[in-house]
Every structure is written in structure tokens, then in C-alpha cells.
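Worksheet: one structure, shown below.
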Amino acid sequence: MKAYVLEAVNKLEYKEVDTPKCKSGYALVEVKAAGICGSDIPRIFETGTYHFPTIPGHEFAGIVREVVDEEYKDLIGGRVGVFPLIPCKECSPCKEETYELCRNYNYLGSRCDGGFAEYVLVPIWNLLPLPENISFEEAAMLEPICVARHALSRLDGVKGNSVCIFGPGTIGLLMAQWLKIMGAEQILLVGTKEKQAELARNLGIEKFCNGKTEDIEKFIKENTKEQGVDIVIEGVGNNEILTQCLNVVKPGGKLLLIANPHSNAQLDKAVYWQILRKQLTIYGTWNSSYHGGLESDWTKALEAIEHGDLKPALQITHKLPFDELHKGLNIMKERKEFYNKVMIVR
Ligand SMILES: [Zn+2]
Ligand SMILES: [Zn+2]
């Protein structure tokens, strides 16, 4: 099969490799769509995967082509989404079914071979059969959709709240979509590009501040009767934005940290003081919940797309042929043209 193999940092080769051999407990999935995650850029160009060679790509969907276990044969030919985290199922978080906190997990596309290939070997436990009206492209966005939902579910309720998101990238706008579904009263976005505002408007979110050219604090005050927001979300991962977040959240408010930091987090004493003086609650979030229950992020995500409440396809700005992954990676690396979700399809 053809696959993109990361041989070393910054050495991603598109080449012919052996198709994985199907084994008990696994399914061989033919990839139909695979999204490039923001985290794939440093993973491929700067830090590498956990070992080499590895096929990256953890956001994908496709068709089950092979299963060896008699009891799962009916999966063959089925369209599936994939939860990329493979938990150990032995540690204490796994015993409590909080697999996102597993201490010894495997991961498709960073710790083992993932979706930038024609075929991937996926544990049957990680497969989600897709409703008919969900496309492969939409299903390839399930992972970021669930990461976005999981982050918001950490907040102990958003209904009736004013929320400001710094960083309207893929996850940022997916969070904005979820906030609408969850009944947030006011959704405010702070970004840096007019194209982001345009895309947000297409998703029904009007309140956008260009942090480069406009006064952020004024924007927040105008939209919250001078109070500040109930919830602020740091979706960029740098000190300056973290400082702005602490400035615009109201006393007694909540700060949600979701972005991977680009450097050490450092705060001026006066800014740090806001956490104390405003009695803020700070939330962290990691990955998404997947316990097969009705309340899992993955179950809720499928439901929301199926019913048309969540529209991930609107965030796909680039759909490239399978053999043009490098072009997609470069668009995201160079940041010269606007993108939200870039994916390859076959
Ligand atoms: Zn991702
Ligand atoms: Zn575990």
C-alpha cells in the first residue's frame, strides 16, 4: 500500500510499504479521509513521533475491509470513524473508563501507525460505525470535535454563560459550535484574521474581535455590560494570550486551558494576582471521553452531526487528493494562506 512514513524528524516519505496484516481483535480499515491536526506540524517537522518509522495521522475515517474474528465479520464493508487512543485497560483511570487519562496508552498516528496511509490496523474496540448521513470527511473530524466537546464538559455547565474563545482555529470554532448547542448565552471570538470572522459568521457566530487591530478589552466590556466574561478559553498557547484571558474574565469566573503551550508559561505578578483577587477557577482538559456510554463525547458527537446541529464540513477549507499531503502540511506550516481544517481524501 501507499503510505506517508515519518523516517526521522522532517523526513516524511510517501512510499510503498507492506499492508498491515489483520489479526484477532483488529480490523483493517481502508482510509477514505484523514485530517491534518495542528499537532501534526510540530510532530512531523520538529519533534518527531515516539519512534521511527511511524505513519502519522490520527484523525481519519474509512471502510472496514478485513476482520479475522468470526464474531465481528459483520463489520466488513461498514463505514467507520476511529477513536485514536488505545488504552492499556489496566491502570486505575482505565478501570474507571476515563481512558483519556490512561497512564500507558498507545496512539494511532503518533505512537503506532496511523491514518496517512491507504490502510490502518485498528482495534475493533476503537471503531465507531457511522450513520448513513455522516460523510467520511465529517467523520475524519470526530477527534477534534470530541476534544472540543470534552474541554467544554469540564466546565460544570455553560448554559446562560458568556464565553470568550481566544484562537478560532479548528478546535476553537468547533467549541463555538458546541457552545451554541449547549446553550451558552454569548459567544465571543478573538482572532487575528478577517477570514476567521467570515468563517465564524457562516457558523452563525457574529461577535468577532480582531485582536491585532481592535481593542480586546473594550470589545469584551461592550458585550458583557462592563462585567467581563463568565468563561474564557485560552486556545492559542502563549503568554500574551493567557494574560489577556485573565484580564477579560469576570470575578468568580472560569479559565479553560486547552492549547498546547509553545513555550514556558510566565505571568507578571499583577496578572497572576488576578487569579487570586478574582477567585478564578482554572480547568485543564485532555483528549476526549470514550466509554461507549450515552454521555461519551464520541456518542454525543455522532448524534450532533447526524442531526445537523454540528456542521464540521463548513470548517473544511482544504480537501486535497491523497497524494498531496505534503501540500497540505506546507499550507499549515507556512501559514501564508487561510485554513481551518485541511484534509486528504481518496
Ligand atoms: Zn488531533
Ligand atoms: Zn490505562
Side-chain angles (χ1 to χ4, degrees), residues 4 6 25 31 33-50 54-61 81-117 120 122-123 125-126 128 136-152 167-175 177-178 235-237 257-262 285-292 296-298 301 310 312 315-318 325 328-329 331-333 339-344:
Y4 291 88
L6 192 67
V31 178
I36 308 175
C37 179
S39 72
D40 286 326
I41 305 303
R43 185 172 293 120
I44 290 168
F45 297 105
E46 292 165 30
T47 59
T49 40
Y50 280 75
T54 303
I55 299 169
H58 59 268
E59 303 177 2
F60 61 96
V82 177
F83 177 56
L85 187 152
I86 304 170
C88 75
K89 296 192 184 160
E90 278 168 19
C91 68
S92 61
C94 278
K95 291 263 185 279
E96 287 167 27
E97 300 191 331
T98 48
Y99 300 113
E100 72 275 20
L101 301 177
C102 175
R103 298 197 187 110
N104 189 25
Y105 60 88
N106 207 345
Y107 211 87
L108 298 167
S110 68
R111 299 181 183 214
C112 60
D113 288 342
F116 295 153
V120 191
V122 181
W125 184 85
N126 292 64
L128 282 104
F136 289 120
E137 287 90 352
E138 290 172 312
M141 284 183 72
L142 276 166
E143 196 264 350
I145 288 168
C146 292
V147 166
R149 184 184 188 274
H150 188 66
L152 299 173
T170 307
I171 304 264
L173 287 183
L174 287 169
M175 284 192 291
Q177 291 204 54
W178 276 119
V236 179
L257 302 173
I258 181 166
N260 279 315
H262 299 297
T285 181
W286 194 249
N287 220 287
S288 56
S289 68
Y290 182 83
H291 44 63
S296 107
D297 294 315
W298 288 74
L310 197 102
Q315 289 186 223
I316 304 170
T317 49
H318 297 74
L325 176 68
L329 291 169
I331 289 169
M332 292 176 63
K333 191 171 124 204
Y339 66 88
N340 189 269
K341 177 50 76 184
V342 182
M343 65 169 63
I344 50 170

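Whatever order the structure lists them in is the order used to number ligands and atoms, beginning at 1. This chain uses plain numbering: 1 for the first residue, then up along the sequence.
A ring pair (Phe, Tyr, Trp, His ring centres under 6.0 Å) with Tyr99 is found for one member of Tyr105, Phe83, Trp125, Tyr290 and no other, namely Trp125. Here the rule is salt bridge (Lys or Arg N to Asp or Glu O under 4.0 Å) with Lys341, and of Glu59, Glu137, Glu138 only Glu59 fits it.
The two residues Asn260 and Trp286 come nearest to each other via the heavy atoms OD1-CZ3, 3.9 Å.
For Glu143, the N/O/S atom at the shortest distance from the Zn ion (ligand 1) is named OE1. The Zn ion (ligand 1) lies closest to atom OE2 when only the N/O/S atoms of Glu59 are considered.
Tyr50 contributes atom OH, which lies 7.5 Å from atom CZ of Arg43 (distance to the nearest 0.5 angstrom). To the nearest 0.5 angstrom, Met343 atom CE is 12.5 Å from Phe136 atom CZ. Put simply, CE on Met332 and OH on Tyr339 are 4.5 Å apart, with the number rounded to the nearest 0.5 Å.
Centred on the Zn ion (ligand 1), the NE2 atom of His58 and the SG atom of Cys37 lie at an angle of 100°, reported to 10°.
Around the Zn ion (ligand 2), the protein contributes the following N, O or S atoms at distances under 2.8 Å: Cys88 SG, Cys91 SG, Cys94 SG, Cys102 SG.
For the residue pair Asn340/Thr317, the side-chain donor-acceptor check at 3.5 Å is not satisfied.
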